[in-house]
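In what follows, every chain begins at residue 1, and chains take the letters A, B, ... in the order their sequences are listed. Note that the coordinates shown come from a computational prediction; the quantities given were computed from them, not determined experimentally.
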There are 2 protein chains.
Amino acid sequence: MDKSASILSTALKLFVQYGFHGTPTSKIASEAGVSNGTLFHYFKTKDELVVALYSQTKEELNTYLFEKINQGEVFKDKFRNMFVYSLKWAVARPEEFFFLQQFHFSPHLALVPAEDIAKHSRQHTQLLEGAVQAGIFKNLPTELIATLAWSQINGMYEFLVKCDLCADKQEQIINDAFDLTWLMLVNQA
Amino acid sequence: MDKSASILSTALKLFVQYGFHGTPTSKIASEAGVSNGTLFHYFKTKDELVVALYSQTKEELNTYLFEKINQGEVFKDKFRNMFVYSLKWAVARPEEFFFLQQFHFSPHLALVPAEDIAKHSRQHTQLLEGAVQAGIFKNLPTELIATLAWSQINGMYEFLVKCDLCADKQEQIINDAFDLTWLMLVNQA
DNA sequence: ATATAAATTGACTAATCACTCTACAAAGCT
DNA sequence: AGCTTTGTAGAGTGATTAGTCAATTTATAT
């Protein structure tokens, strides 16, 4: 068992439950089954651990999504996959998804270089950019379209977590929500 | 100058900048121009201060919104006012709005009784509920409609903060976004 | 086999922080 | 004027915590 990975996954669980500052490094170490010193061998500071956890989680989600997006043939399928599989990932790994948002609304976000953040969203932005230029989406700033699409996903995540529906209902309502989002953004000739 | 209010407004600024645990009570007190002991005279614990700040901020927003909503005659106007003035409030008081989200994704949320949270959203939920039953909105769970509407607002807030447009452009794009949201949720016969 | 490097430990430290306590001042009441 | 309540101050405290360090084990290379 990789100790670094063990530290990260333990930290994730504790951060979600107790918050960043509410979770002492000593507790992370002990629950991960390593010593205090080992934690600081892998991560120079606590902040570095937090940021590393964010980068890793974000990258996992992105890798997963990118694969799913590329399975789509036409744009609508790609976009649908992005929407639907973001939510499937979120529901399957609620702690990870929650952590991303928790991080986003914390001062730790400032510790991530702006370039890294841009990199994380570049693929998605490009996809949407193309759809705007092709006249599929309404002629609005790409940033706006991206933000609206993401907030739909975030909102749906919250709804799904709160309501805890069975898998069938969940699938159904995710599809409904996608149709709404599509309807909203698409260029109605 | 009311010391309690001074403590709250100082805490808000510091919490947004440094996070809850990253902000010592001693710093709140000194920057608010009161002594350490005075802070704990008004708020028994730091947690109580955080929660009080949340409740106050939420209530301020709600009171403001409720007034604006009631200025609408028909439902669409009420809903538009809710949407538009939420964003105007958010843009005018970005720290307060950010704080609400920061709080929402922190473990402090668990310290607020579920009843209080329900109370905060009851008025809005009822408004939307009515629109669903009247066949104005699509026949979807009210919770879902509420969540989607709120996430549109949150997304727009983020966009507006990021892009920092002039007032005219801002007004324009808020209206566009409302149209999109309306289009998405409304029952198309 | 030996030497060098990397991983691991856990006691330790220096600093921080939430909160207390005592003392005093101001305000309100009779 | 006395008395009580409330507000204010700020030094002090006990507990906690991020990060260090010297010592030991494990892995790697020659």
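The nearest pair of heavy atoms linking B/Gly72 to B/Asn81 is N-ND2, 3.6 Å.
Distance B/His108 NE2 to C/dA18 P: 10 Å, rounded to the nearest Å. For the pair A/Phe43 CZ and C/dT8 C1', the computed distance is 15 Å after rounding to whole Å. One atom, NE2 of B/His41, and another, P of C/dA25, lie 17 Å apart when rounded to the nearest Å. We find that CD1 of B/Ile7 is positioned 14 Å from P of C/dC19, with the value rounded to whole Å.
Residues forming a salt bridge (charged side-chain N to carboxylate O under 4.0 Å, His left out) with A/Glu158 (at least two apart in sequence, or on another chain): none.
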In B/S/- notation, 5' to 3', how is nucleotides 10-26 of chain D contacted by protein heavy atoms closer than 4.0 Å?
B------SSBB------
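Listed pair B/Tyr42 / D/dT6 fails the phosphate criterion, with no side-chain N or O lying under 4.0 Å from OP1 or OP2. Under 4.0 angstrom from either OP1 or OP2 of C/dT9 there lies at least one side-chain N or O belonging to A/Lys3.
Remark: the B/Gln172 side chain and the B/Asp176 side chain contain an N/O donor-acceptor pair separated by less than 3.5 Å. No hydrogens or angles considered: a donor-acceptor pair under 3.5 Å links the side chains of B/Thr142 and B/Glu129.
Ring-plane geometry between A/Tyr54 and A/His120 is classed as perpendicular, the angle between the planes exceeding 60 degrees on a 0 to 90 degree scale with a lower cut at 30.
If you look at B/Phe83 and B/Trp150, their ring centroids are not closer than 6.0 Å.
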